[in-house]
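The structure under discussion appears below in the form of structure tokens.
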Amino acid sequence: MNTADMGKLLNKVTMEFSSIAENVGLARVTVASVASQADLTLNDLEEIKVATSEAVSNAIIHGYENRRDGRVKLEISRFENWLEIVVDDKGKGIENIQQAMEPTYSSDPERMGLGFVFMKSFMDDLEVKSEPGQGTVVIMRKRLTK
């Protein structure tokens with residue numbers, strides 16, 4: 001997506017945290033704080049929080065395989081017309097992105113495999129970039145103007 005189409009950058013928050021499950025809540029609160037600066041419905045805010053939770057959880061569970069020594073970077077940019085959320089890990093990466101995005105597919109048999117499904121349905125734009133052994137970057141965008 002062309003950043004010119006996104007409008008003027010109004011706010012940007014970047015943070016990095018340990019790959020522990022307790023930090024999923026931190027990511028949710030942070031993204032909600034930035035997203036609530038726009039005129040969004042409570043439903044929109046909840047969907048943004050769920051999508052962010054799924055992306056961060058994927059980094060921790062699948063990217064780092066629940067190792068606590070990994071680092072997850074979260075970047076939230078509020079533009080005039082869009083909210084952009086980037087979740088970046090340096091974990092094991094995804095071998096087959098297309099397969100990983102299929103409903104009910106999971107590299108962990110204990111998981112439901114709906115993370116990407118939620119991200120895709122709750123956000124207006126989703127990009128996933130990954131290299132095995134290098135990590136994964138998930139870019140999610142929500143339109144702020146109708």
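Predicted model, so just to flag it, every value in this text is computed and none were measured. FYI, side chains are in, hydrogens and waters are out, and symmetry mates aren't considered; it's all heavy atoms of this structure.
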Should the heavy atoms of other residues, nucleotides or ligands under 6.0 Å from CD of Q98 be counted, would the total exceed 12? no
Polar contact flag, side-chain donor to acceptor under 3.5 angstrom, S18-R71: yes
Report yes if some heavy atom in the side chain of L83 is under 4.5 Å from a heavy atom in the side chain of S77; otherwise report no. no
Please tell me if the side chains of M101 and V117 come closer than 4.5 Å, counting only heavy atoms from C-beta onward. no
Could you grab the distance from atom OG1 of T30 to atom CD1 of I76, nearest 0.5 Å is fine? 5.5 Å
Just by modelled atom types, is the G135 backbone N or O under 3.5 Å from a matching donor or acceptor in the S130 side chain? yes
State, with a plain yes or no, whether a side-chain heavy atom of I48 is found less than 4.5 Å away from one of M123. yes
Any chance CD of E95 has more than 12 other-residue heavy atoms, nucleotides or ligands included, within less than 6.0 Å? no
Check the pair L126, M140 against side chain to side chain contact (heavy atoms under 4.5 Å, CB included), reporting the backbone distance first and the verdict last. CA-CA 5 Å; L126 172 66; M140 302 177 288; 3.7 Å; yes
Within the 4.5 Å heavy-atom criterion, are L144 and E80 side-chain neighbours or not? no
Treating N96 as the side-chain partner and Q99 as the backbone partner, does any N or O pair qualify as donor plus acceptor under 3.5 Å? yes
Pair N11, Q37 - check side chain to side chain contact (heavy atoms under 4.5 Å, CB included), show working. CA-CA 9 Å; N11 195 4; Q37 296 167 9; 3.0 Å; yes
Can you measure from CD1 (I85) to CZ (R141) and round to the nearest 0.5 angstrom? 11.0 Å
Main-chain N/O of D89 paired to Y64 side chain as donor or acceptor, under 3.5 Å: no
Are I139 and V56 connected in a single hydrophobic cluster, I mean Ile/Leu/Val/Met/Phe/Trp/Tyr linked by side-chain heavy atoms less than 4.5 Å apart? no
Those residues at least two apart in sequence (or on a different chain) that pass salt bridge (Lys or Arg N to Asp or Glu O under 4.0 Å) with K120 are none
Do F116 and V128 have side-chain heavy atoms sitting under 4.5 Å apart? yes
Hydrophobic cluster identity match, V138 and F17, side-chain contacts under 4.5 Å: yes
Taking CD in E131 as the centre, count heavy atoms belonging to other residues, nucleotides or ligands within less than 6.0 Å. Is the count above 12? no
Sequence neighbours excluded - salt bridge (charged side-chain N to carboxylate O under 4.0 Å, His left out) pairs with any residue from residues 21-43: R28-E46
E75 side chain to V86 backbone, donor-acceptor under 3.5 Å: no
Give the minimum heavy-atom separation between W82 and R143, together with the two atoms involved. CZ2-NH1, 3.0 Å
Once rounded to the nearest 0.5 Å, what's the spacing between atom OG of S53 and atom CZ of F118? 11.0 Å
Sole residue of V50, N58, T52 in side-chain contact (heavy atoms from CB on, under 4.5 Å) with M119: N58
Full working for side chain to side chain contact (heavy atoms under 4.5 Å, CB included) between M15 and L26: CA-CA 10 Å; M15 61 191 306; L26 175 65; 3.5 Å; yes
If you take all heavy atoms of S36 and L45, which pair is closest and at what distance? N-CD2, 3.7 Å
Is there side-chain contact between V72 and I60, with heavy atoms separated by less than 4.5 Å? yes
Does the distance from a Lys or Arg side-chain N to an Asp or Glu carboxylate O, for E47 and K142, drop under 4.0 Å? yes
State whether E84 and R78 are salt-bridged, where the test is any N-O pair (Lys NZ or Arg NE/NH1/NH2 against Asp/Glu carboxylate O) under 4.0 Å. no
Can you tell me how far apart CZ (F122) and NZ (K49) are? Round to the nearest 0.5 Å. 12.5 Å
Grouping I, L, V, M, F, W and Y whenever their side-chain heavy atoms are under 4.5 Å apart, do I20 and V31 come out in a common cluster? no
What residues, two or more places apart in sequence or in another chain, satisfy side-chain contact (heavy atoms from CB on, under 4.5 Å) together with D88? K73, K90, V137
Testing the basics here: between L40 and A35, what is the closest heavy-atom pair and its distance to 0.1 Å? CD1-O, 3.4 Å
